[in-house]
Protein chains: 2
Amino acid sequence: MLSAKAQYAIHALTYLGEQYQAGYIPINQIAEKRKIPAKFLEAILLELRKAGVLGSKAGKNGGYYLLRHPREIEMVQILRLMDGPIALLPCVSKKFYEPCRLCPYPENECNIRRIFLEVRDATLQVIEGKSLLDLMQKEDYPDDFVI
Amino acid sequence: MLSAKAQYAIHALTYLGEQYQAGYIPINQIAEKRKIPAKFLEAILLELRKAGVLGSKAGKNGGYYLLRHPREIEMVQILRLMDGPIALLPCVSKKFYEPCRLCPYPENECNIRRIFLEVRDATLQVIEGKSLLDLMQKEDYPDDFVI
DNA sequence: TATAATTCCTATATGTTTTATAGGAATTAT
DNA sequence: ATAATTCCTATAAAACATATAGGAATTATA
């Protein structure tokens, strides 16, 4: 399962995408509309900003906004950023690989590994190529709008 | 990612399957051969026994054994037993469903949900139908052997 | 029948991660 | 100036995962 953090991130980002006309969106508005604890959300948005997904403006009338078109924000990046590996086992992870410590035979002969590699590939097959736009409720996002 | 518990369970079960000639297998042997903390493993095997996956015999020369042919032990049952849901979101879980608490619009219109349903289905597509036998290193398990 | 090897069971400890909050500094619009 | 915001670091609280303790019950067999 995704962590609460990852779920909050997804909902916050889709909210930002859906409110694209509204300029800078303050944390509290997102928190209220999507029922996310405000201070926790603050930490999440900070992280998304540092990862180059969001921009922000401090001060009165400030807030957060998407740095790129939702089509250019990869779903898989958000998931990895928040929760780490997509794979179910370290030994089949693309980005967080670690060797198996448990069994004596070599990895490339392991049937456990082979099957969990299939699972990982099936998952990536679905989510690679998916963007924030696919997660949003809007069909009518302007083709070139970035704040 | 799978918990250590789920990984230990998988490795313990495949070990039991691979040692099918050996009769009752004591906890300590599995723990040693698969480098699993013995007391933790004990709790896991107990749970698998209570779930009807394993049988056990107490006393000298006792130990654990598979109650069914490895072909009849479903991978997906083990995963759910150890770690709960296969799905990444509660609102798309088959066996652990919970409604979404975050957004205001109805579930059947939610694009987040739609995509995570795709992910779940892709995962299940791979693992449903897979059995312990598929996870084991043996190709030559007798067609009808049960202890 | 005594002994050793095992599972059984419940409780608890320990550690780690996740989730959440606190609080003040810096920034900005008006 | 003031108010509304982000920024940042620290910490608290809760939950969960991992691991261990220890004695009772069971069983084989010497």
Side-chain angles (χ1 to χ4, degrees), chain A residues 1-12 16 22-32 34-67 79 81-85 88 90 96 101-102 147, chain B residues 1-12 16 22-32 34-67 79 81-85 88 90 96 101-102 147:
Chain A
M1 295 269 282
L2 297 191
S3 66
K5 183 182 171 193
Q7 296 182 46
Y8 292 161
I10 290 170
H11 283 273
L16 284 172
Y24 306 120
I25 314 271
I27 292 169
N28 284 319
Q29 181 182 338
I30 308 173
E32 198 172 306
R34 287 295 178 264
K35 305 218 270 307
I36 301 171
K39 272 298 201 177
F40 193 20
L41 179 58
E42 187 185 326
I44 294 167
L45 297 183
L46 198 63
E47 202 172 333
L48 288 167
R49 198 210 60 191
K50 288 180 175 165
V53 176
L54 295 180
S56 64
K57 190 180 173 193
K60 195 165 181 179
N61 303 329
Y64 282 90
Y65 58 96
L66 300 178
L67 273 180
L79 297 185
L81 196 59
M82 295 293 121
D83 278 3
L88 294 180
F96 301 83
R101 287 172 20 271
L102 301 183
I147 211 173
Chain B
M1 296 269 282
L2 297 191
S3 64
K5 183 182 171 192
Q7 296 183 45
Y8 292 160
I10 290 169
H11 283 273
L16 283 172
Y24 307 119
I25 313 271
I27 293 169
N28 284 319
Q29 181 181 338
I30 307 173
E32 197 172 307
R34 288 295 177 264
K35 305 217 270 305
I36 302 171
K39 273 299 201 176
F40 193 21
L41 181 59
E42 187 184 326
I44 293 168
L45 297 183
L46 199 62
E47 203 173 331
L48 288 167
R49 197 209 61 189
K50 286 180 175 165
V53 176
L54 294 180
S56 65
K57 190 179 172 193
K60 193 164 182 177
N61 303 328
Y64 282 90
Y65 58 96
L66 301 177
L67 273 179
L79 296 185
L81 196 60
M82 295 293 121
D83 277 4
L88 294 180
F96 301 82
R101 287 170 22 268
L102 300 184
I147 210 174

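To find a chain, count down the sequence lines: A is the first, B the second, and so on, and within it residues start at 1.
Relative to the side chain of B:S3, the nucleotides C:dT27, D:dT18, D:dT26 differ in distance, and D:dT18 lies closest. Here the nucleotide nearest the side chain of A:K60, chosen from C:dA29, C:dT7, D:dT18, is C:dA29. Among C:dT30, C:dT19, C:dC8, the nucleotide with an atom closest to any side-chain atom of A:K5 is C:dT19. Listed nucleotides C:dT7, D:dT20, D:dT18 differ in distance to B:Y64; the shortest reach to its side chain belongs to C:dT7. If you check C:dT19, D:dT18, D:dA19 against the side chain of B:Y8, the one that comes closest is D:dA19. Of the listed nucleotides (D:dT5, D:dT20, C:dA20), D:dT5 has the atom at the smallest distance from the side chain of A:P26.
The pairing partner recorded for C:dC8 is D:dG23, the criterion being a Watson-Crick or G-U wobble arrangement whose two distances lie under 3.5 angstrom.
With A:I27 as the partner, the side-chain contact (heavy atoms from CB on, under 4.5 Å) test is satisfied by one option alone out of A:I36, A:L45, A:I44: A:L45. Just one residue in the list A:I147, A:I30, A:V53 forms a side-chain contact (heavy atoms from CB on, under 4.5 Å) with A:L16, and that residue is A:I30.
Residues from residues 38-54 of chain B placing a heavy atom under 4.0 Å of any atom in DNA chain C, listed by number, are B:K39, B:E42, B:L46, B:R49, B:K50.
Looking at B:D83, its side chain never comes within 3.5 Å of a backbone N or O of B:L2 through a donor-acceptor pair.
For the pair A:I25 CD1 and D:dT5 C1', the interatomic distance rounds to 13 Å; values are reported in whole Å. The CD-P distance, from B:E32 to C:dT6, rounds to 11 Å in whole Å. Straight-line distance from the OH atom of B:Y65 to the P atom of C:dT7: 12 Å, rounded to whole Å. A:D83 has its CG atom 20 Å from the P atom of C:dT16, to the nearest Å. Rounded to whole Å, atom C1' of D:dA19 lies 16 Å from atom CD of B:Q7.
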| said: Please determine whether side-chain contact (heavy atoms from CB on, under 4.5 Å) holds for the pair B:I10 and B:L79, giving the CA-CA distance in whole Å, both sets of side-chain angles, and the decisive distance to 0.1 Å. | reply: CA-CA 9 Å; B:I10 290 169; B:L79 296 185; 4.0 Å; yes

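Each of A:S56 and A:N61 was matched to the nucleotide of DNA chain D holding its nearest heavy atom; the match closer to the 5' end belongs to A:N61. Comparing A:L2 and A:K57 against DNA chain C, the residue whose closest nucleotide sits nearer the 5' end is A:L2.
Here the side chains of B:L54 and B:L66 are in contact, with some heavy-atom distance below 4.5 Å. With a 4.5 Å cut-off on side-chain heavy atoms, A:L48 and A:M82 count as touching.
Residue pairs satisfying the side-chain hydrogen bond (donor to acceptor under 3.5 Å, both in side chains) criterion with at least one member in residues 35-55 of chain A, sequence neighbours excluded, are listed as follows: A:K5-A:E47, A:K39-A:E42.
Contact annotation for B:Y24: no contact, since no heavy-atom pair falls under 4.0 Å across all strands.
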